[in-house]
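Report on one structure; see the data block that follows.
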There are 2 protein chains.
Amino acid sequence: MENETEKVPCEGREYSNCGKHIAAVHDTMDVLNGKWKITIISLLGFGKRRYSEILKEVTGISGKMLSRELKDMEMNLLIKRTVISEQPISVMYELTDYCVDLLPVIDSLAEWGKRHRQCIVEQFKQEPVEVI
Amino acid sequence: MENETEKVPCEGREYSNCGKHIAAVHDTMDVLNGKWKITIISLLGFGKRRYSEILKEVTGISGKMLSRELKDMEMNLLIKRTVISEQPISVMYELTDYCVDLLPVIDSLAEWGKRHRQCIVEQFKQEPVEVI
DNA sequence: CTGCATCCTGGGCGATACTG
DNA sequence: CAGTATCGCCCAGGATGCAG
């Protein structure tokens with residue numbers, strides 16, 4: 001409501017970088033495509049897991065998708081796959097150092113998500129009076 | 001290749017938060033769903049634009065999708081819509097302060113994307129030596 | 001110029017069953 | 001237990017045309 005500056009939202013941004021910037025974002029989102037990868041990375045950020053554990057903890061994902069995503073992520077060097085035991089076979093997945101660099105990014109995503117949820121809740125409350 | 005620590009990737013993470021964390025990420029990605037919103041926000045991070053300008057600068061997007069995404073984002077309070085002139089009608093879009101908070105997040109996405117592109121390029125160079 | 005309605009296709013994703 | 005194969009749904013999103 002405060003009629004603040006009408007400036008470019010984020011200072012320090014030069015329009016000349018715009019194209020590159022967008023392309024770079026696109027590169028990242030390309031790797032993180034689909035419905036599940038970010039969730040899987042988030043989970044693995046809390047420690048390595050076996051296939052079946054991930055399957056249980058990522059609610060809603062099917063076996064096919066998990067396999068596919070995992071394979072895809074391995075090819076992109078986001079996770080490391082290790083066969084633990086042969087009988088019965090079991091496989092461990094963990095983030096690569098490379099992918100660990102993504103965790104702070106994902107954390108900030110989460111941060112914003114929390115605030116957003118707050119805002120949405122507030123909105124619904126605003127019907128009667130302003131409440132804390 | 002360095003056999004580093006086998007610890008939990010990111011210290012300071014408690015498993016008890018895992019569920020909440022993932023949910024929060026999901027909330028954000030829910031708002032940012034689809035193929036275009038992040039790109040649009042990135043662009044608008046470089047300054048307000050008119051509908052037709054965005055249409056031109058976001059390569060590949062169709063008019064229908066732009067309208068749809070814009071409306072959706074307005075409902076989520078990510079952007080502000082302002083009618084500039086009536087004849088011919090023209091509309092300006094800009095990020096809300098609320099959404100500006102997302103820019104640093106997107107920036108880090110871009111940051112990682114740049115590094116990732118580097119890595120991919122490196123990989124192709126590495127053909128000569130041992131490959132699986 | 002901005003924005004909506006309609007039609008249509010591709011592929012993301014789920015369910016199930018099967019192999020090693 | 002880990003992963004693959006098959007089938008099919010469904011909807012994001014492209015193309016086009018119309019309206020204010």
Side-chain angles (χ1 to χ4, degrees), chain A residues 22 25-44 47-76 78-95, chain B residues 22 25-44 47-95 132:
Chain A
I22 290 179
V25 175
H26 187 76
D27 284 345
T28 300
M29 294 317 290
D30 226 45
V31 172
L32 264 30
N33 67 34
K35 199 176 171 183
W36 303 109
K37 294 201 182 65
I38 293 184
T39 302
I40 295 172
I41 294 174
S42 297
L43 178 64
L44 254 23
K48 51 176 70 168
R49 299 291 152 99
R50 291 192 13 234
Y51 176 88
S52 54
E53 292 175 321
I54 303 175
L55 197 58
K56 247 176 295 179
E57 296 195 68
V58 176
T59 48
I61 197 171
S62 68
K64 183 188 70 170
M65 286 312 298
L66 183 53
S67 296
R68 183 185 298 179
E69 302 288 55
L70 250 17
K71 195 195 297 178
D72 195 23
M73 291 165 73
E74 192 189 357
M75 288 184 54
N76 278 306
L78 295 181
I79 58 178
K80 188 159 75 87
R81 178 181 182 278
T82 314
V83 176
I84 296 294
S85 71
E86 301 288 354
Q87 205 54 279
I89 195 173
S90 88
V91 182
M92 190 66 88
Y93 290 94
E94 61 190 305
L95 301 185
Chain B
I22 290 178
V25 174
H26 187 77
D27 283 347
T28 301
M29 295 316 291
D30 227 44
V31 172
L32 264 30
N33 67 34
K35 200 176 170 183
W36 302 109
K37 295 201 181 66
I38 294 184
T39 302
I40 295 172
I41 294 175
S42 297
L43 177 65
L44 255 23
K48 52 175 69 167
R49 300 290 152 99
R50 288 190 19 232
Y51 176 87
S52 52
E53 292 176 321
I54 303 175
L55 197 57
K56 248 175 296 178
E57 296 197 68
V58 176
T59 48
I61 197 171
S62 68
K64 183 189 73 171
M65 286 312 296
L66 183 54
S67 296
R68 184 187 296 179
E69 302 288 53
L70 251 15
K71 193 200 297 179
D72 194 24
M73 291 165 73
E74 192 190 356
M75 288 183 53
N76 278 306
L77 304 181
L78 296 180
I79 58 179
K80 188 159 76 86
R81 179 181 182 278
T82 314
V83 176
I84 295 293
S85 71
E86 301 288 356
Q87 204 55 282
I89 194 172
S90 88
V91 183
M92 190 66 88
Y93 291 94
E94 60 190 306
L95 301 184
I132 275 195

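Chain identifiers are assigned alphabetically (A, B, ...) following the order of the sequence lines, protein sequences preceding nucleic acid strands; residue numbering begins at 1 within each chain. Computed from heavy atoms alone, side chains included, the values below leave out hydrogens, waters and symmetry copies.
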Quiz item: How do B:S90 and A:G63 order along DNA chain C: which one's closest nucleotide is nearer the 5' end?
Solution: B:S90
Quiz item: What integer distance in Å separates A:E53:CD from D:dA2:C1'?
Solution: 13 Å
Quiz item: Any idea which heavy atoms bring A:K37 and A:V31 closest together, and the distance?
Solution: CD-O, 3.2 Å
Self-check item: Closest to the A:M65 side chain, choosing from D:dG13, C:dG3, C:dC13
Solution: C:dC13
Practice problem: To the nearest Å, give me how far apart CD1 (B:I89) and P (C:dC1) are. | Solution: 12 Å
Practice problem: Would you confirm whether B:S85, through its side chain, and B:P88, through its main-chain N or O, come within 3.5 Å as a donor-acceptor pair? | Solution: yes
Quiz item: Got a donor-acceptor contact below 3.5 angstrom from the B:Y51 side chain to the B:Y93 backbone?
Solution: no
Quiz item: Rounded to whole angstrom units, what separation is found between the CD1 atom of B:I61 and the C1' atom of C:dG3?
Solution: 13 Å
Quiz item: At their closest point, which heavy atom of A:K35 faces which heavy atom of A:E69, and how far apart are they?
Solution: N-OE2, 4.3 Å
Quiz item: Are OP1 or OP2 of D:dG13 and a side-chain N or O of B:R68 less than 4.0 angstrom apart?
Solution: no
Quiz prompt | Between D:dA12 (C1') and B:L66 (CG): distance, integer Å | solution = 16 Å
Quiz prompt | Phosphate OP1/OP2 of D:dG3 contacted by A:S67 side-chain N/O (<4.0 Å) | solution = no
Practice problem: Please report, rounded to the nearest Å, how far the C1' atom of C:dC1 is from the CG atom of B:L55. | Solution: 11 Å
Quiz prompt | D:dC1 phosphate, OP1 or OP2, under 4.0 Å from A:S85 side-chain N/O | solution = no
Quiz item: Would you say the side chain of A:K64 and the base of D:dG3 hold a donor-acceptor pair, judged only by whether the two atoms sit under 3.5 Å apart?
Solution: no
Quiz item: Of the nucleotides D:dG3, C:dT2, D:dG13, which has the atom closest to the B:K35 side chain?
Solution: D:dG13
Self-check item: Whole-Å gap separating C1' (D:dA12) and CD (B:E69)
Solution: 9 Å
Practice problem: Would you kindly give the CD-to-P distance between B:E86 and C:dG3, to the nearest whole Å? | Solution: 12 Å
Quiz item: Any side-chain N or O of B:Y93 less than 4.0 Å from the OP1 or OP2 oxygen of C:dG3?
Solution: yes
Quiz item: Within this structure, what is the OH-to-P distance between B:Y51 and D:dA19, rounded to whole angstrom?
Solution: 17 Å
Self-check item: Nearest heavy atoms of A:V83 and A:I89, plus distance in Å
Solution: CG1-CG1, 4.3 Å
